[in-house]
Amino acid sequence: MTVRVLLADDEALVRTGIALILRDAEGIETVGFAADGREAVEQTRALRPDVVLVDVRMPVLDGVEATRRIVEHASDSGTDCAVLVLSTFHVDEAVRGALRAGASGFVLKDAAPDELVSAIRAVAAGEAWLDPAVARGLLDEFKGRPDSTRATTGDLARLTPRECEVLVLVAHGLSNTEIAEHLVISEGTVKTHVNRLLAKLGVGSRAQAVVAAYRGGLVAPDEPPPPARR
């Protein structure tokens with residue numbers, strides 16, 4: 001399946017550079033461009049891409065509000081469209097806002113080409129893309145901010161043991177396929193667990209669930225994933 005991508009950035013050189021990277025990536029097609037947040041929303045509705053790369057700082061409509069509108073429209077229309085945020089900073093208010101708005105993750109503009117491609121493929125497959133180092137920075141920023149995510153330690157207590165297992169593996173960056181292999185269960189069962197834990201945590205994306213897992217102490221930075229079942 002070809003992943004259809006819309007590039008939204010107010011800098012023409014950035015759009016061109018990313019398009020050149022994606023041109024050589026197998027199974028990825030750039031279907032459109034947007035120079036501001038409002039155009040990104042309009043182009044998303046017209047072109048129905050699988051992934052929208054959104055710069056958090058854009059004119060007319062910023063990336064956070066553009067993300068919120070794109071995610072809401074995808075939910076209301078029943079379409080699959082993931083937002084991957086582009087940022088020049090590891091952690092700032094705009095990045096936090098984009099995650100709260102439903103972005104599936106974010107990637108730095110100076111990331112290696114293969115990392116960008118991997119991030120696009122991951123969010124297109126319904127995964128979160130949140131580098132562990134970036135997650136630590138987010139946690140530091142989230143401390144003392146009750147509005148950063150609705151999930152709390154009490155919400156984590158509502159998860160079943162199996163849902164906790166799945167969330168831990170999600171937080172370690174495993175895909176649904178990898179989690180299924182790790183726990184020796186079907187991929188469909190993994191998807192069911194993920195949907196249920198998102199609902200219980202009151203969050204709208206895997207990226208937000210990852211933050212909740214770290215913030216609630218379910219996962220610690222630099223902690224290796226649990227061993228696979230045999």
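The chain is numbered in sequence order, starting from 1. Side-chain atoms are counted along with the backbone in the values below, which use heavy atoms only and exclude waters and symmetry mates.
Listed by chain and residue number, Ser77 satisfy the side chain to side chain donor-acceptor pair (under 3.5 Å) test with Thr79 (two or more places apart in sequence, or in another chain). Applying the side chain to side chain contact (heavy atoms under 4.5 Å, CB included) test to Ala82 and every residue at least two apart in sequence or in another chain returns Ser104, Val123. Partners of Val71 under the side chain to side chain contact (heavy atoms under 4.5 Å, CB included) rule, at least two apart in sequence or in another chain, are Thr67, Val83. Residues passing the side chain to side chain donor-acceptor pair (under 3.5 Å) test with Glu29, sequence neighbours excluded: none. The salt bridge (charged side-chain N to carboxylate O under 4.0 Å, His left out) check on Glu72 picks up Arg68, with sequence neighbours excluded. Residues meeting the salt bridge (charged side-chain N to carboxylate O under 4.0 Å, His left out) test with Arg48, sequence neighbours left out: none. For Thr177, the side chain to side chain contact (heavy atoms under 4.5 Å, CB included) partners are Ser175, Glu181, Glu187, not counting sequence neighbours. Applying the side chain to side chain donor-acceptor pair (under 3.5 Å) rule to Asn176 yields the partners Arg206; only residues at least two apart in sequence or on another chain are considered. Considering only residues two or more places apart in sequence or on other chains, Lys109 meets the salt bridge (charged side-chain N to carboxylate O under 4.0 Å, His left out) condition with Asp9, Asp55. Residues satisfying the side chain to side chain contact (heavy atoms under 4.5 Å, CB included) criterion with Ala125, sequence neighbours excluded, are Glu127.
Taking all atoms of both residues into account, the shortest heavy-atom contact from Leu156 to Ala212 is CD1-O, 3.8 Å. Of all heavy-atom pairs spanning Ala19 and Thr30, the tightest one is CA-OG1, 4.3 Å. When all heavy atoms of Ala40 and Ile70 are compared, the closest pair comes out as O-CD1, 4.3 Å.
Proximity of Leu86 to Val54: side-chain heavy atoms (C-beta onward) are nowhere separated by under 4.5 Å. Residues Val41 and His73 fail the side-chain proximity criterion, which asks for heavy atoms closer than 4.5 Å. You'll find the side chain of Leu53 stays beyond 4.5 Å of the side chain of Leu6, heavy atoms only. A heavy-atom distance below 4.5 Å is found between the side chains of Arg162 and Leu183. Side-chain contact between Val5 and Leu22 is present, with heavy atoms from C-beta onward closer than 4.5 Å. Val117 places a side-chain heavy atom less than 4.5 Å from the side chain of Ile28. In this structure, Gln43 and Leu47 have side chains that are in contact, with non-hydrogen atoms separated by less than 4.5 Å. Considering only heavy atoms from C-beta on, Pro226 comes within 4.5 Å of Leu169 through its side chain.
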Q. How far apart are the C-alpha atoms of Cys81 and Thr44, what are their side-chain angles, what is the distance that settles it, and do they pass the side chain to side chain contact (heavy atoms under 4.5 Å, CB included) test?
A. CA-CA 9 Å; Cys81 180; Thr44 298; 3.9 Å; yes

Please tabulate, for side-chain N and O atoms in residues 31-38, each donor-acceptor pair with protein atoms closer than 3.5 Å (sequence neighbours left out).
from  : atom 1 : to    : atom 2 : distance (Å)
Asp36 : OD1    : Arg38 : N      : 3.0
Asp36 : OD1    : Glu39 : N      : 2.7

Residues 190-201 side chain polar contacts: donor-acceptor under 3.5 Å, at least two apart:
from   : atom 1 : to     : atom 2 : distance (Å)
Thr192 : OG1    : Gly188 : O      : 3.1
Asn195 : ND2    : Lys191 : O      : 3.3
Lys200 : NZ     : Arg158 : O      : 3.4
Lys200 : NZ     : Glu163 : OE1    : 2.9
Lys200 : NZ     : Glu163 : OE2    : 3.3

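Note on Leu218 and Val166: same hydrophobic cluster, where clusters join Ile, Leu, Val, Met, Phe, Trp and Tyr whose side-chain heavy atoms are under 4.5 Å apart, directly or indirectly. Taken together through direct or relayed side-chain contacts under 4.5 Å among Ile, Leu, Val, Met, Phe, Trp and Tyr, Val52 and Val64 form parts of separate hydrophobic clusters.
Glu165 CD to Leu159 CG: the interatomic distance, rounded to the nearest 0.5 Å, is 12.0 Å. Atoms NE2 and CD1, on His172 and Ile179 in that order, are 10.5 Å from each other to the nearest 0.5 Å. Distance check, rounded to the nearest 0.5 Å: OG1 of Thr16 to CD of Glu11 gives 11.0 Å.
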